[in-house]
Amino acid sequence: MNIKHKIAAKLPAAREQAGKLVKEHGSFRIADVTVEQIYGGIRGVPIQISDVSFVDPNEGIRLRGYSVPEVLKQLPKGEHCEYPLVGGLYYLLMTGDIPTHTEAEEVEVEWKVRNNLPDHIFQVLRAMPKYTHPMTLFSQAILALQTESIFARRYYYGIDRKDYWDIYLQDSLNLTAKLPTIAANIYNLKYRDGVFVHPDPNLDWAANFAYMMGKDDPHYQDLCRLFLILHSDHEGANVSAHASHLVGSALSDVYFSSSAGMDGLAGPLHGLANQECLRWLLEVQRHFKGLPDKAQMETYLQECLDAGDIIPGYGHAVLRVTDPRFTAQAEFAQKYMPDDELFRLVMLVYETLPGLLIKQGKAKNPWPNVDAINGSLQTHYGLKEYDFYTVVFGLSRILGLTTHVTWSRALGKPIERPKSLTTNILETMINRP
Ligand code: NMX
Ligand code: MLT
């Protein structure tokens, strides 16, 4: 069954379940919010319900209930591939079910049919100054594609609320189909000869991304599949998902809401951390003119912490264990590039830094997140331009963002409008007898 029919079949029960929860338990209190939480980035306050994925602090991400190892094991793979087809992952995110091989291939085919790009996208990007950050270009390209929004057109002429999700899904498939071509050609524009490369109809979504950047190593294609699966979603309340969901709640279409999500991902505390992380690792490597020993590493890291440095790739707002996305990439590296110096440095930091962070007692999570390792694998396969890494993260993350907003429309979620207070009002509330 294709994604649309699968969602349509599941929707009546999902709508009934949500309706019943609100009707029968509408006043059930989930959480109280403290002053500390409001001043502290709304940490731990549940702000939305989304079944697409969930981050357990002590286990990490589950996509539609499946852990990272389960996703990698159970999703269908293409011929001669070690890692699953990303089309199957999108099917899982959108429908909640592990697809058959045919269903996964059908998504890949849908993407091929929809992957053509209007000319104006690269006209816009070429008009930008050479020093423009690739994330700016990526977000701009998505925004420029808003000209193609079916939802915006249909809304203008009138459309039944119950059908919003279907049009969001069409826009989501159209947008995600074009993303590898956009991302790879931003790479070509920034770092190669700028000649536009078209996708190869014989390759899957992830392999095409690699191919269009001039990379045809089958191991790199598998790394792309792995990377693009791992970064697709991290529940509904991280900065990019939250931003995209908020913008979508105003019925801004999939292009607006995805571009907004990318603007959040571009921050160094969120997705840009992967570029920062590689930059930092290269600095360490340069400092030691190679790989330090454990004692040297410990001294260096302690000095960084004493100087008040934030070590990119470590810590997390929710996780309290090693990120399973870090572990999955470490396993890949252990298999295909165990002697790579940068990978060995990543593992040396992993052996050393958590103990020092625990001793320092500031970071609530001393363990690595996904960004601590990303760059070393990409660099190994020749993607050395680290300011491009967040685009690769974004290419994947939009799979999750578009799923969240499609389901928000399917469940008829209203415009988001929480409340802000003034300091005086807060003080009055606190001092009230
Ligand atoms: N290195 C040094 N100090 C740290 C680190 C770190 N990696 N992480 C947290 N701390 C400090 C933090 O600066 C804060 O210090 P202070 O009280 O002086 O302000 C203290 O520990 C408490 O912070 P937490 O409550 O543990 O962290 P929070 O939830 O506020 O932020 C991150 C989470 C992820 C933003 C934070 O750990 C960080 O900045 N890490 C480095 C950047 C990074 O890797 N971001 C990637 C996130 C994942 N992603 O892919 O998006
Ligand atoms: C993510 O993948 O979005 C990051 O790990 C950040 C988060 O979950 O807050």
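Whatever order the structure lists them in is the order used to number ligands and atoms, beginning at 1.
- In this structure, atom 26 (O) of ligand 1 lies nearest to the protein heavy atom Lys364 N, 2.7 Å.
- The protein heavy atom nearest to atom 51 (O) of ligand 1 is His270 ND1, 2.8 Å.
- For ligand 1, the polar-atom distance check against Ile310 finds no nitrogen or oxygen pair separated by under 3.5 Å.
- Inclusion of Tyr314 in the set of residues having an N or O under 3.5 Å from an N or O of ligand 1 is warranted.
- A donor-acceptor pair is defined here as one N or O able to donate and one able to accept, closer than 3.5 Å; no such pair exists between the side chain of Tyr220 and the backbone of Gln378.
- Contacts of Arg43 with ligand 1, taken as heavy-atom pairs under 4.0 Å, involve the side chain alone.
- Below 30°, between 30° and 60°, or above 60°: for His270 and Phe393 the angle between ring planes is above 60°, a perpendicular geometry.
- Short contacts between ligand 2 and His316, defined as distances under 4.0 Å to a heavy atom of the residue, involve ligand atoms 4 (C), 5 (O), 6 (C), 7 (C), 8 (O), 9 (O).
- Under the 4.0 angstrom criterion for non-hydrogen atoms, Leu265 is not in contact with ligand 1.
- Between Arg325 and ligand 1, a contact under 3.5 Å exists for no N or O pair.
- The side-chain tip of Arg64 points at the ring of Trp407 from less than 6.0 angstrom away and within 45° of straight on.
- Distance from atom 14 (C) of ligand 1 to its nearest protein heavy atom, with residue and atom name: Lys362 CE, 4.5 Å.
- Contact analysis leaves His234 out of contact with ligand 1, as no non-hydrogen atom separation drops below 4.0 angstrom.
- Among protein heavy atoms, the minimum distance from atom 10 (N) of ligand 1 is reached at Ala363 CB, 3.7 Å.
- Heavy-atom distances between Arg325 and ligand 2 reach below 4.0 Å in at least one pair.
- Asp371 OD2, 3.2 Å is the protein heavy atom nearest to atom 49 (N) of ligand 1.
- Against a heavy-atom cut-off of under 4.0 Å, Ala273 is close to the following atoms of ligand 1: 43 (C), 44 (O), 45 (N), 46 (C).
- Below 4.0 Å from some heavy atom of Gly313 lie the following atoms of ligand 1, by number and element: 43 (C), 44 (O).
- Only the side chain of His270 comes within contact range of ligand 2, with a heavy atom under 4.0 Å; no backbone atom does.
- For ligand 1, the atoms lying closer than 4.0 Å to a non-hydrogen atom of Asp309 are 2 (C).
- On a distance-only criterion, Ile311 and ligand 1 share at least one N/O pair closer than 3.5 Å.
- Both the backbone and the side chain of Leu269 come within 4.0 Å of ligand 1, counting heavy atoms alone.
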